[in-house]
Amino acid sequence: MTSLPLISVDPDGRGRRPAMPPRHLADLDLPGRQALVTELGEPAFRAKQVSNHYFGRLVRDPERMTDLPAATREKLAGTLLPTLLHPVRELACDDGATRKALWRLHDGSLVESVLMGYPDRVTVCISSQAGCGMACPFCATGQAGLTRNLSTAEIVDQAVYLAGVAASGAVAGSPPRLSHVVFMGMGEPLANYARVIAAIRRLVAPAPEGLGLSQRHITVSTVGLVPAIRRLASEDLSVTLALSLHAPDDELRDELVPVNQRWKVSEVLDAAWDYAATTGRRVSIEYAMIKDVNDQPWRADLLGRLLAGKLAHVNLIPLNPTPGSRWDASPKPVEREFVRRLRDAGVSTTVRDTRGREIDGACGQLAAAEETDSDPRAATA
Ligand code: SF4
């Protein structure tokens with residue numbers, strides 16, 4: 001019998017009480033912020049003013065909050081807007097259209113976010129956990145395991161920070177306003193369920209409550225935590241579900257996505273179709289194309305049969321191999337044949353662009369590189 005790998009869905013991470021960051025206004029709804037401001041001895045409406053600066057104007061420097069009395073700016077900003085993300089590196093590629101940020105959190109954990117500019121939209125890819133407990137063998141983040149869940153504000157602040165970068169005009173050839181958020185950075189979002197849902201509510205609420213994005217422009221990815229997918233369907237949120245399938249058969253998926261040993265392909269697809277039926281949203285099926293592993297024509301045909309007639313779209317992802325990995329990307333002719341077979345089966349299919357390759361764009365690669373650079377043991381390992 002195959003034993004289950006160490007998959008953590010413990011909301012606090014590894015059963016220990018994690019070192020969570022200081023409370024930030026993005027952890028709270030507006031009434032919660034007003035209560036906090038009142039505790040400071042300030043009028044409740046100050047919460048709305050600071051929230052407008054943060055979410056509406058993307059301003060976090062108290063000196064620029066000139067509608068607040070000078071004497072209380074530091075106190076209010078210090079309490080409501082503690083610094084959560086300390087930049088370690090910011091790298092750009094694709095002629096500046098892709099910018100990757102590596103952050104150090106208050107406890108030393110590293111997380112990554114990516115800003116991607118397109119002619120018609122600006123997308124950020126954000127992390128929901130420091131590390132990940134899902135143990136997918138082809139993924140850099142999965143190799144290091146889970147450190148901890150991010151707080152709601154640590155998740156939201158990645159998007160707000162990069163919305164500010166976009167608003168500064170740093171992404172040439174793209175609109176200045178952040179429009180899309182994808183939860184496809186480090187971590188399994190549905191393993192940090194409550195904080196991710198709270199973060200989504202902040203991202204979609206209009207200012208001053210939140211960032212005012214469209215629900216339809218938010219994508220939540222999962223490896224297939226079936227109970228959490230069903231719970232997400234009941235949240236009355238029209239976000240897109242992206243299911244990281246990577247294999248159409250249990251034998252291979254048990255290896256590539258170890259959580260499959262708990263919830264099989266048929267169960268996870270059933271949950272996805274129920275999600276589509278409840279929300280009316282097309283499910284995005286993510287499939288990393290791995291040379292000689294999951295890219296055979298028969299697997300394309302099997303996937304086509306599973307998805308034909310369903311409210312689904314396949315996103316094929318050319319694998320971005322991690323250094324020293326035994327996994328490699330499928331050759332282009334193999335990829336084209338896979339696409340052809342899926343389309344012949346009537347399944348809408350696209351190949352995702354490979355943004356950020358030059359800057360370790362796949363989740364976890366930049367953090368892994370930083371850990372190696374700064375870990376003296378790595379030199380002798
Ligand atoms: S692919 Fe996603 S779910 Fe799997 S280990 Fe990596 S970050 Fe976690």
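Start at 1 and go down the list; that is how both ligands and their atoms are numbered.
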Residue [X] vicinity, atoms of ligand 1 by number, heavy atom under 4.0 Å:
| X | result |
| --- | --- |
| M134 | 3 (S), 8 (Fe) |
| C139 | 1 (S), 5 (S), 6 (Fe), 7 (S) |
| V223 | 3 (S) |

Residues [X] and [Y] bridged, charged N to O under 4.0 Å:
| X | Y | value |
| --- | --- | --- |
| E267 | K264 | no |
| D29 | R201 | no |
| E154 | R148 | yes |

Pair listing, ring pair (Phe, Tyr, Trp, His ring centres under 6.0 Å) test, anchored in residues 307-341, at least two apart: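 Listed by first then second residue: Y287-F338.
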Identity of the nearest option to atom 5 (S) of ligand 1, non-hydrogen atoms only, from P137, G187, A140, G142: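 The nearest heavy atom belongs to G142.
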C132 N/O/S atom closer than 2.8 Å to atom 6 (Fe) of ligand 1: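 Checking C132: none of its N, O or S atoms is under 2.8 Å.
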Evaluation steps, side-chain hydrogen bond (donor to acceptor under 3.5 Å, both in side chains), between T240 and R281: CA-CA 6 Å; T240 298; R281 305 288 296 151; 2.9 Å; yes
